[in-house]
Amino acid sequence: MKGRHESGSATEAVPTGTATLARTPTRVGLEFCDSSGITAMIAAHNHALPAQADVALAAVPGHILRVLRLVGLDQILALHPDGEAATQP
């Protein structure tokens, strides 16, 4: 993944009715996703499973979306057109 993801990034809890959404600040400008980025997304999904939570991605650039579809991550991650749609219950 190109860009920076700082391990100390703040995460906020957003209530969405029956569940709480943990939202990490948006990383703007993602231009590239390699196997490390894919592995990180799978790890996030696996970490969310015990809490019966989902990992949601919003406003994914088309070329990254294509990669997610090629490797099947569109089947396990929630993909939304924008951040507002991602926070709707």
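All values reported here derive from a predicted model rather than from experimental measurement.
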Exercise. With a 4.5 Å limit on heavy-atom distance, are the side chains of L57 and L68 in contact?
Worked result: yes
Problem set entry | Within-4.5 Å side-chain heavy-atom neighbours: M41 and V55 | no
Exercise. Any link between I76 and L49 through a network of hydrophobic side chains (Ile, Leu, Val, Met, Phe, Trp, Tyr) touching at under 4.5 Å?
Worked result: no
Exercise. Which value, rounded to the nearest 0.5 Å, describes the distance between L73 atom CG and I64 atom CD1?
Worked result: 11.5 Å
Exercise. If you round to the nearest 0.5 Å, how far is CG of L79 from CZ of R69?
Worked result: 7.0 Å
Seminar exercise, completed: For V67 and C33, the nearest pair of non-hydrogen atoms, with its separation, is CG1-O, 4.4 Å
Problem set entry | Check: D34 side chain, S36 main-chain N or O, donor-acceptor pair, under 3.5 Å | yes
